[in-house]
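To start, the structure itself, in structure tokens.
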Number of protein chains: 2
Amino acid sequence: MKVFPNIKVAVDAVVFGYKAKELSVLLIKRGVQPYKDSWALPGGLVLENESLEQAVERELQEETGVTIDYLEQLYSFGKPGRDPRNRVISITYFGLVSPNHFKLQADTDAADVKWFSINELPDLAFDHDKILNMAKSRLQSKLTYQPIGFELLNTEFPFSDLEHLYQTILNQKIDRRNFRKKILSFEILTETDKIYKPESGRPAKLFRFNQQKYKELQENGFHFEIKFA
Amino acid sequence: MKVFPNIKVAVDAVVFGYKAKELSVLLIKRGVQPYKDSWALPGGLVLENESLEQAVERELQEETGVTIDYLEQLYSFGKPGRDPRNRVISITYFGLVSPNHFKLQADTDAADVKWFSINELPDLAFDHDKILNMAKSRLQSKLTYQPIGFELLNTEFPFSDLEHLYQTILNQKIDRRNFRKKILSFEILTETDKIYKPESGRPAKLFRFNQQKYKELQENGFHFEIKFA
DNA sequence: ACAAAAGTGTTCGGGTTACACCCATGG
DNA sequence: CCATGGGTGTAACCCGAACACTTTTGT
């Protein structure tokens, strides 16, 4: 006879932000057992009448106050024993947040909330390090074949922001001239008439990602792709 | 106060097979309500102490008798109402089966099991058509950047099998010369000294996918990729 | 000898890569 | 005038795309 299953369903989110040429991840400090006082990904149990996406957005709102700009499903983790108490299946999501929505506020279950640089991560609860690594890989590969980098920038940005973002996340140097040529050739950027004044150096034009145009191109078989050595 | 959730966790699998220049999907006829007598993806509830992968393999074994050659997670579906009775989250998998393992046997919950050509699908239970479509897209795109086509062929195969497989699944003509050149240049195929005799026409050498070699190349930064017009 | 599928090379063009100097601004 | 980052063009090379005839076997 089969054992009657009592499995719980949770969602967890790996949310990335980019600021000051650093890639950061949103973590909460757990206020309850198990792993009390450990850092963990925001998330929690799915309620009876909400979709998985709603659950993620609700938990993010409750635990961190962050508004998400881009969200997609990452992977589902369900190995017995990944939660020391019950059997919990976690459906994980991958999110991006623009610098505007970078503000934080701890709330309900979370004792504390913080952005951590990807290079200075604390130990994480459960199997969250595994989830985080998977999310990072996904971000890196996705960056090369979908224009999602813009979700991590302000609506209007100098070209160099994009350049630095790619270099930071992919962790390699790229040729400025070729990169600019390539991206501009896609014609998915609109040049605004605004000017950005850096702390030092020559002012730069501001660009804006043209979602509309991208969709049109995409429907005509266009495929965003950036390659690197 | 939050509603105490009673959510069930299931797995479902979209299993592809390739035979006689046709792409097929493994379906079962449901023997129980809801959707009794409808065709559906093989799958079922996850038991208390098995992993998700184990659950998929067990269900496939129970319901179809098929042995799977390649399995990966596809996506998780959890919208309330997708199952008319309870709230069920389904973690879906994507599987490939070589022609050797093409035999079938109905069993437990399944009244009947059958391979359906991808072009002659019946109506499916639940949201299984959506799942199937997603799996098909995944197969198509994955074929272009990972050497998974081999999982659908015999261990030793004439080159033209691979060619036909790509044409069938991607639904487009490809140039034989360029395709062969490209694949051979990867050096992930081993030429055997066996010969395949087609029903008519000139005999062909048999090749074998060299998993070992592929892994080595991959570790050295090699990236399998096939592009099409 | 005919039908059917296997096997094979070359040319052309476009895109990617490599590479360095001048410009605008603030201090 | 100096430091800092923004903005720009060209030549070489490589890879992908297009393209057709010969070979081997069975009937």
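Chain A is the first sequence line, chain B the second, and so forth, proteins listed ahead of strands; every chain is numbered from 1. What you see is a predicted model; the values in this text were computed from it and never measured.
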Nucleic acid footprint by protein, nucleotides 10-16 of chain D - heavy-atom cut-off 4.0 Å, B for base, S for sugar-phosphate alone = B-----S

Please evaluate the base of C:dA20 for a donor-acceptor partner in the side chain of A:Arg177 within a cut-off of under 3.5 Å?
-> yes

Identify all side-chain donor-acceptor contacts of residues 158-167 of chain A below 3.5 Å with residues at least two apart in sequence or on another chain.
unit_1	atom_1	unit_2	atom_2	d
A:Tyr166	OH	A:Leu143	O	2.9
A:Gln167	OE1	A:Ile174	N	2.9

Looking only at side-chain atoms of B:Lys197, point me to the closest of C:dA20, D:dC19, D:dG26.
-> D:dG26

Considering residues at least two apart in sequence or located in another chain, which fulfil the salt bridge (charged side-chain N to carboxylate O under 4.0 Å, His left out) criterion with B:Arg208?
-> B:Glu156

For the side-chain contact (heavy atoms from CB on, under 4.5 Å) test, which of B:Leu26, B:Val97, B:Ile118 pairs with B:Phe16?
-> B:Ile118

Output yes when at least one side-chain N/O atom of B:Arg176 is less than 4.0 Å from OP1 or OP2 of C:dG7, else no.
-> no

By salt bridge (charged side-chain N to carboxylate O under 4.0 Å, His left out) - contacts of A:Arg202 (at least two apart) | none

5' precedence on DNA chain C between A:Glu199 and A:Asp175 (nearest-nucleotide basis) = A:Asp175

With sequence neighbours left out, the residues meeting side chain to side chain donor-acceptor pair (under 3.5 Å) with B:Gln212 are B:Glu216

B:Trp39 vs B:Asp112 side-chain heavy atoms within contact, under 4.5 Å | yes

A:Glu187 vs A:Phe222 side-chain heavy atoms within contact, under 4.5 Å | no

Between N or O atoms, less than 3.5 Å apart, protein on one side and nucleotides 1-5 of chain D on the other: list the pairs.
unit_1	atom_1	unit_2	atom_2	d
D:dT4	O3'	A:Ser200	OG	3.1
D:dT4	O2	A:Gly201	N	3.3

